[in-house]
Amino acid sequence: MSSLQSLRGMVDLLPEVTGLWQHVEATARLHFQRAAVQEIRTPLLEVTELFARGIGEATDVVGKEMYTFLDRGERSCTLRPEGTASVVRAAIQHGLLSQGPQRLWYGGPMFRYERPQAGRQRQFHQIGLELLGFADPRSDVEAIAIAWDLLADLGVGGLALEINTLGSPDDRLRYRGELVAWLEAHREQLDPDSQARIHANPLRVLDSKVPATQALLAGAPTLADALSGESHERFARVRLGLEALGIPFELNPRLVRGLDYYSHTAFEITSSQLGAQATVCGGGRYDGLVQQLGGSPTPAIGWALGLERLVLLLSQAEQQPVAPPALDLYVASRGEAGEAAALPLARRCRAAGLAVELDASGAAFGKQLRRADRSGARFAAVIGDMEAGEGVALLKDLRGDAAEQRLGVDGLIAVVGARRAGEGPAA
RNA sequence: GCGGGCGUCGCCAAGUGGUUAAGGCAGCGGCUUGUGGCGCCGCCAUUCGGGGGUUCGAAUCCCCUCGCUCGCCCCA
């Protein structure tokens, strides 16, 4: 076997699934457009420092999952592992924020060097929303609502929204100090993974899946207790906002999120039908990030939605939202004059809006009609030298029992057009 | 990075030490040299992910390796 394969964790999306992907993307575009959110496209490759500074040196994503290399100019470059840092960088670089708040969305491939498993690839795709310059709790609610409505419109069932608050950056810093002190005091009783995280990422210890650690943690200081009055108030408003919209949610005090830049509201939308990688959409507030990346202090909230996981859910659904593409006409031809007339005919039909496949194989009519039948086309047009000479084509109804007709191009377009693919009985 | 499962034709799949590697789908050719769907006939893996080894003999046993997959971790 010397044939070449795609890189591990890099997946080809074959024609049988791209229709579903397009449906998801089109639905997302529609929802963003309705919510007055504009698209932004940023490079897949950025200076490594952007992610190191933005996401946090201590996170797993930056620490061990990035595709990083030196380019020919000896600069350290990284394939983007997520979208937010790039969007914020672009907004700062082009002075977007001095023009007022920005409502932006992005989509495309992200790269993380991880062990692939269900719902996790090394190149994967996200669609994300970033509301930059919005501080009000109502913007948190709006951001969540946009994601929730998009998923509902796509027909994804069985989803659960979990929310938490991480408090202000000050709250978080203060709590972090308390927590580290407490963890140090109980170091001996922690599992090895948690011990290693005491300083690197103490908040994640709270989410440990080791039962003994969880039991011990019952006595640890809680983030909720460390929250300032304003932070409490703020979180209450977010919850009330969700309730007012009738969006169901659960409080999850252990929901911490992996990236450093989050503060206040953090949320995840998960599905029980996804296996180990259950998060379909995750996000939160990141009021400190813009400043951290060199901009002026700007509050912001955003989320990212994993398309592979979403498509996985959609393809598990009993009812497929996307019908296979339908062909209106299959053009078969034979003989020098017939073959010469076939492409012009196909082209005119296409210009008239029909979906047309042209058989240029030169095979016998029998073969071509067999392929016409298998193509799923509604009609077949046959052009031999006789038809070409008369300026007509023989139109066959492949899905009904209507008699063959000899028609000129305009007549053919009229008849086929009246029976657009998949609709209605034979003429 | 760490565990578990798996790897026979484009897809599905039988075969689990003995001489020629079932079958189905798809594909190709023919019956039907200008007419599809159905049917019938034929073709389609000197080879079982790759490499070593054991054996008179291996797709079947052993080792290594690659890949896929599920989970841990992490996250979308």
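Residue numbering restarts at 1 for every chain, and letters A, B, ... go by the order of the sequence lines.
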(request) Answer yes or no: is there an ion pair linking A:Glu162 with A:Arg254, defined by an N-O contact shorter than 4.0 Å? (result) no
(request) Provide, to the nearest angstrom, the distance between the CD1 atom belonging to A:Ile127 and the P atom belonging to B:C75. (result) 22 Å
(request) Have a look at A:Met386 and say if it touches a base, only the backbone sugar-phosphate, or nothing, with a 4.0 Å heavy-atom cut-off. (result) base
(message) Regarding A:Leu307, tell me which of base, sugar-phosphate or nothing describes its non-hydrogen contacts under 4.0 Å with the strands shown.
(response) nothing
(request) Report the residue (A:Gln277 or A:Ile269) whose heavy-atom-nearest nucleotide on RNA chain B is the more 5′ of the two. (result) A:Gln277
(request) Give A:Glu65 one of three labels, base, sugar-phosphate or nothing, depending on what nucleic acid heavy atoms sit under 4.0 Å from its own. (result) sugar-phosphate
(request) Please measure how far the P atom in B:G27 lies from the corresponding atom in B:G37, and state the result in whole Å. (result) 12 Å
(message) Give me the distance, rounded to whole Å, that separates B:A14 from B:C56 when you measure between the P atoms they each carry.
(response) 32 Å
(request) State the CG-CG distance between A:Leu310 and A:Leu151, to the nearest 0.5 angstrom. (result) 6.0 Å
(request) Tell which nucleotide pairs with B:C2, taking only Watson-Crick or G-U wobble pairs whose two distances are both under 3.5 angstrom. (result) B:G71
(message) Could you tell me how far B:G18 sits from B:A58 if I compare only their C1' atoms? Round to whole Å.
(response) 10 Å
(message) Could you tell me how far apart A:Glu114 (CD) and B:G71 (P) are, to the nearest whole angstrom?
(response) 14 Å
Could I get a table of every N or O pair under 3.5 Å where one atom is in the protein and the other is in nucleotides 3-11 of chain B?
| from | atom 1 | to | atom 2 | distance (Å) |
| --- | --- | --- | --- | --- |
| B:G3 | O6 | A:Arg115 | NH2 | 3.3 |

(request) Could you tell me whether A:Gly335 contacts a base, only the sugar-phosphate backbone, or nothing, with contacts defined as non-hydrogen atoms closer than 4.0 Å? (result) nothing
(message) Rounding to an integer number of angstrom, what distance separates B:C48 and B:U16 when you compare their C1' atoms?
(response) 13 Å
(message) Using a strict threshold of under 4.0 Å (side-chain N to carboxylate O), is an ion pair present between A:Arg399 and A:Asp373?
(response) yes
(message) What's the gap between B:G10 and B:A26 when it is taken at their C1' atoms, as a whole Å value?
(response) 8 Å
(request) Take atom CD of A:Glu390 as the centre, draw a 6.0 Å sphere, and report whether it contains more than 12 heavy atoms from other residues, nucleotides or ligands. (result) yes
(message) What's the gap between B:C61 and B:G7 when it is taken at their P atoms, as a whole Å value?
(response) 10 Å
(message) Tell me the interatomic distance from A:Glu16, atom CD, to B:A26, atom C1', rounded to whole angstroms.
(response) 13 Å
(request) Taking the side chain as every heavy atom from C-beta outward, state whether A:Thr59 and A:Glu65 have any pair of such atoms under 4.5 Å apart. (result) no
(request) Using heavy atoms to find the nearest nucleotide of RNA chain B for A:Asp385 and A:Leu7 separately, return the residue whose nucleotide is more 5′. (result) A:Asp385
(request) When you get a sec, tell me which of B:C75, B:C70, B:G36 is the closest nucleotide to the side chain of A:Ala118? (result) B:C70
(message) Ring-plane angle category for A:Trp105 and A:Phe32, please: parallel below 30°, perpendicular beyond 60°, tilted otherwise.
(response) parallel
(message) What's A:Ala372 touching, base or sugar-phosphate or nothing? Going by heavy atoms closer than 4.0 Å.
(response) nothing
(request) Please measure how far the P atom in B:C2 lies from the corresponding atom in B:C44, and state the result in whole Å. (result) 45 Å
(request) Figure out the CD/P separation between A:Glu404 and B:U35, and round it to whole Å. (result) 11 Å
(request) Kindly say if A:Arg204 contacts the phosphate of B:C75, meaning a side-chain N or O under 4.0 Å from OP1 or OP2. (result) yes
(message) Whether A:Arg53 engages the ring of A:Phe51 as a cation-pi pair (distance to the six-membered ring centre under 6.0 angstrom, angle to the ring normal within 45°) should be assessed.
(response) no
(message) Between P on B:C75 and CZ on A:Arg122, what's the gap in Å once rounded to a whole number?
(response) 17 Å
(message) Whether A:Arg419 and A:Asp328 form a salt bridge (side-chain N of Lys/Arg under 4.0 Å from carboxylate O of Asp/Glu) is what I want to check.
(response) no
(request) Could you check which nucleotide pairs with B:G18 in any of the strands shown, counting Watson-Crick or G-U wobble with both distances under 3.5 Å? (result) B:C56
(message) Under the rule for ring-ring contact (aromatic ring centres under 6.0 Å, His included), what residues qualify as partners of A:His31, not counting sequence neighbours?
(response) none
(request) Determine which nucleotide pairs with B:C43, using a 3.5 Å limit on both distances of a Watson-Crick or G-U wobble pair. (result) B:G27
(request) Check every atom of B:G71, B:G67, B:A76 against the side chain of A:Gln5 and return the nucleotide holding the closest atom. (result) B:G67
(request) Look at the side chain of A:Lys367 and decide which nucleotide, out of B:G30, B:U35, B:C75, has an atom nearest to it. (result) B:G30
(message) Using a distance-only criterion (donor-acceptor N/O pair, under 3.5 Å, no hydrogens), is the base of B:C66 paired with the side chain of A:Arg8?
(response) no
(message) Taking any heavy-atom pair under 4.0 Å as a contact, classify A:Glu387: base, sugar-phosphate, or nothing.
(response) base
Any protein N or O atoms within reach of nucleotides 31-33 of chain B? Criterion: under 3.5 Å, listing atom names and distances.
| from | atom 1 | to | atom 2 | distance (Å) |
| --- | --- | --- | --- | --- |
| B:U33 | O3' | A:Arg334 | NH1 | 3.2 |

(request) For B:C28, take OP1 and OP2 only and decide whether either is under 4.0 Å from a side-chain N or O of A:Arg371. (result) yes
(message) For a quick check, tell me whether the side chain of A:Gln117 and the base of B:C73 share a donor-acceptor pair closer than 3.5 Å.
(response) yes
(message) Regarding A:Arg370, tell me which of base, sugar-phosphate or nothing describes its non-hydrogen contacts under 4.0 Å with the strands shown.
(response) sugar-phosphate
(message) Apply side chain to side chain donor-acceptor pair (under 3.5 Å) to residues A:Ser194 and A:Arg204 and explain how you reach the verdict.
(response) CA-CA 8 Å; A:Ser194 294; A:Arg204 286 223 66 86; over 6 Å; no
(message) Distance check, C1' atoms only: B:G30 and B:G23, in whole angstrom units.
(response) 23 Å
(request) Measure the distance from OH on A:Tyr286 to C1' on B:A76 and round it to the nearest whole Å. (result) 15 Å
(request) Could you pull out the closest heavy-atom pair between A:Cys349 and A:Leu412, with the gap in Å? (result) SG-CD2, 3.7 Å
(request) Give a yes or no on whether a salt bridge exists between A:Glu39 and A:Arg41, defined as a side-chain N under 4.0 angstrom from a carboxylate O. (result) yes
(request) Compare the minimum distances between each of B:C75, B:C72, B:C68 and the side chain of A:Arg120, then state the nucleotide with the smallest one. (result) B:C72
(request) Identify the two heavy atoms, one from A:Leu242 and one from A:Leu161, that lie closest to each other, and give their separation to 0.1 Å. (result) CD1-CD2, 4.3 Å
(message) Tell me the interatomic distance from A:Gln195, atom CD, to B:C73, atom P, rounded to whole angstroms.
(response) 17 Å
(request) Round to a whole Å and report the spacing from CG of A:Asp60 to P of B:C72. (result) 15 Å
(request) Go through B:G37, B:U35, B:C73 for me and flag the one nearest to the A:Lys396 side chain. (result) B:U35
